[in-house]
Amino acid sequence: MKNFIPDSVSKYDNVYDVLKERGFIEQVTDEQAVRELLGKEKIKFYIGFDPTADCLHVGHFMQVIIMMYMQKYGHTPVVLLGGGTGMVGDPSGRQDMRQMMTVETIDNNCAAFKKLFDQFLDFDDEWKYEGNEGVYSPGHQNRDPIPGKAISVNNASWLRPLNYVEFVREVGTHFNVNEMLRAECFKQRMADGLSFFEFNYMLMQGYDFTVMARDFGVKMQFGGNDQWSNILAGKRLSRKWCDIDVEGMTFALLTNSEGQKMGKTMNGALWLSADRVSPYEFFQYWRNVADADVEKCLRMLTFLPMAEVKRLASLEGAAINEAKEILAYEVTKLVHGEEEAKKALEGARAAFGGGGDAANIPTTEMAAADFEGEGKGLISLIKELGLVPSNGEGFRTIEQGGLSVNGEKVTNPKQNVTKDMFQDGEILIQKGKKKFHKVVIK
């Protein structure tokens with residue numbers, strides 16, 4: 001089974017208590033009812049993922065971890081891929097309208113998402129959903145999924161075939177516009193303008209929840225804290241339209257001690273694919289989190305027992321680096337596997353002078369001819385290596401004393417890198433205190 005959670009992770013028998021202890025839970029439709037439900041039954045629950053890119057990022061990883069906990073305790077995760085809702089785009093937490101994607105892009109992104117989920121959840125691969133007639137036809141499954149095994153469905157199956165007039169007659173009549181405008185996901189957009197196109201999103205997600213309850217027997221929807229209004233909309237619609245009672249729960253977003261979303265890097269999002277962010281860079285991101293964020297990250301992004309989380313979080317001064325190294329190792333192991341985590345750890349230790357294998361420092365091979373004669377401009381080189389996003393940022397880094405080559409600080413922004421600067425065919429570039437990159441000539 002693809003489950004990384006050790007049996008000793010918690011003293012609780014009810015997954016609700018585990019999630020609460022680790023600080024995930026923010027809002028619950030009925031805390032007593034939900035806790036009792038999760039303790040007495042093994043339920044189907046779902047989390048929706050709109051395919052806004054072809055890769056999951058660390059913000060999604062919080063939801064993945066929650067599904068892993070639920071599966072560990074015998075519940076059935078339903079991964080809802082947003083092939084239908086993704087054609088509109090969720091306005092929650094947005095300052096502007098999401099970029100429109102083609103149907104082909106949406107479908108490709110959904111397929112890429114599913115491959116990444118396979119790394120973390122144990123799926124019932126023989127289970128299939130074949131419904132395609134939309135609002136007036138229950139879904140068709142060849143059988144119920146094996147209890148405790150995850151399944152994946154795509155809301156394109158029931159949203160794309162919908163007739164809009166029939167949809168607003170059947171579903172729209174159950175939504176009160178005044179209530180919708182009070183929802184937090186819309187309130188924060190009213191000043192800048194909210195398109196009617198996006199206004200439909202709440203109806204679509206509410207309808208999703210109803211379909212999931214009616215056709216799949218799902219009893220709960222989970223989501224980030226910004227999904228509360230949409231979850232409540234689905235709960236109300238399920239009750240009004242189908243006379244089905246469902247529950248919902250939202251979780252804290254992954255933010256730092258200053259309230260800003262974590263997972264943003266100089267080059268964009270912190271992706272979960274090694275093709276987008278190398279395991280070493282991924283490791284370094286967590287190794288470099290602020291001291292104040294260590295406890296939260298250990299609690300929410302690793303499966304270390306809470307006693308160990310508290311011990312590590314209590315370390316002070318230079319000792320807190322032990323906690324950061326363990327955090328980085330554990331999260332990298334979950335996402336990229338133990339072997340890549342070990343390589344990243346060795347590379348980091350080598351770069352920072354603490355032993356380890358220097359072969360695991362990020363390395364780029366370049367042609368020796370590039371450095372013949374006057375050589376290659378240093379700023380152009382570090383931009384090419386991804387150490388800075390622009391020439392301007394490269395100039396500022398050097399002017400502020402933040403760049404070293406082979407251990408020597410660079411003071412001239414116009415410096416070139418020439419072949420004679422390479423030692424045994426290698427050169428080590430350091431940006432700031434924590435970023436290293438090795439260039440090897442061939």
Side-chain angles (χ1 to χ4, degrees), residues 53-55 57-58 99 260-289 328 332 335-336 340 343-354 356-442:
D54 61 357
C55 183
H57 56 65
V58 75
Q99 184 177 355
Q260 301 168 330
K261 279 189 179 181
M262 299 185 73
K264 294 292 185 183
T265 70
M266 181 181 65
N267 298 317
L270 189 64
W271 303 101
L272 303 188
S273 170
D275 294 334
R276 302 285 283 273
V277 175
S278 72
Y280 180 86
E281 292 174 288
F282 189 84
F283 178 98
Q284 284 298 100
Y285 179 89
W286 302 109
R287 173 62 182 78
N288 296 331
V289 298
T332 306
V335 174
H336 294 293
E340 292 298 332
K343 288 181 181 178
L345 175 63
E346 289 292 310
R349 286 178 172 173
F352 292 108
D357 185 358
N360 291 312
I361 295 173
T363 301
T364 298
E365 194 175 76
M366 304 183 82
D370 292 345
F371 303 95
E372 297 282 2
E374 295 183 358
K376 189 182 188 77
L378 178 57
I379 287 180
S380 296
L381 177 61
I382 61 176
K383 181 183 175 185
E384 187 176 337
L385 296 175
L387 291 171
V388 294
S390 65
N391 289 344
E393 181 64 26
F395 273 100
R396 283 189 291 274
T397 299
I398 292 173
E399 287 171 352
Q400 293 166 7
L403 195 76
S404 298
V405 175
N406 288 338
E408 294 186 13
K409 188 163 291 187
V410 177
T411 57
N412 179 12
K414 296 182 179 180
Q415 179 175 325
N416 286 350
V417 178
T418 56
K419 191 174 179 181
D420 61 355
M421 295 172 65
F422 285 78
Q423 300 171 2
D424 297 323
E426 299 180 356
I427 195 170
L428 183 64
I429 301 173
Q430 178 182 354
K431 179 181 177 289
K433 294 181 178 179
K434 302 170 181 177
K435 276 204 165 186
F436 293 80
H437 204 107
K438 185 166 59 175
V439 178
V440 177
I441 54 175
K442 55 181 179 179

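One-based numbering along the sequence shown.
Tested against Val388 for a side-chain contact (heavy atoms from CB on, under 4.5 Å), the candidates Leu403, Thr397, Ile398 yield a single pass: Thr397.
Among all heavy-atom pairs drawn from Ala344 and Pro279, the shortest one is CB-O, 3.9 Å. In terms of heavy-atom proximity, Glu399 sits nearest to Pro413 at CG-CG, 4.3 Å.
Using a 4.5 Å heavy-atom cutoff, the side chains of Tyr280 and Thr363 are not in contact. Leu387 places a side-chain heavy atom less than 4.5 Å from the side chain of His437. No side-chain heavy atom of Val417 sits less than 4.5 Å from a side-chain heavy atom of Val405.
To the nearest 0.5 Å, the span separating OG1 on Thr364 from CD1 on Ile441 amounts to 13.5 Å. Gln284 CD to Thr332 OG1: the interatomic distance, rounded to the nearest 0.5 Å, is 9.0 Å.
Contacts of Gln400 classified as side chain to side chain donor-acceptor pair (under 3.5 Å), with partners at least two apart in sequence or in another chain: none. For His57, the side chain to side chain contact (heavy atoms under 4.5 Å, CB included) test picks out His60, Ala269, Trp271, with sequence neighbours left out. By the side chain to side chain contact (heavy atoms under 4.5 Å, CB included) test, Ser273 is found to be paired with Cys55, Asp275, Arg276, residues two or more places apart in sequence or in another chain being considered. Residues meeting the ring pair (Phe, Tyr, Trp, His ring centres under 6.0 Å) test with His336, sequence neighbours left out: Phe282. Residues satisfying the side chain to side chain donor-acceptor pair (under 3.5 Å) criterion with Ser278, sequence neighbours excluded, are Glu281.
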Could you tabulate the donor-acceptor pairs under 3.5 Å formed by side-chain atoms of residues 371-380, not counting sequence neighbours?
from: Glu372; atom 1: OE2; to: Lys419; atom 2: NZ; distance (Å): 3.3
from: Lys376; atom 1: NZ; to: Glu384; atom 2: OE1; distance (Å): 3.2

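Between Lys343 and Glu346 there is no salt bridge, since no side-chain N of the basic residue sits under 4.0 Å from a carboxylate O of the acidic one.
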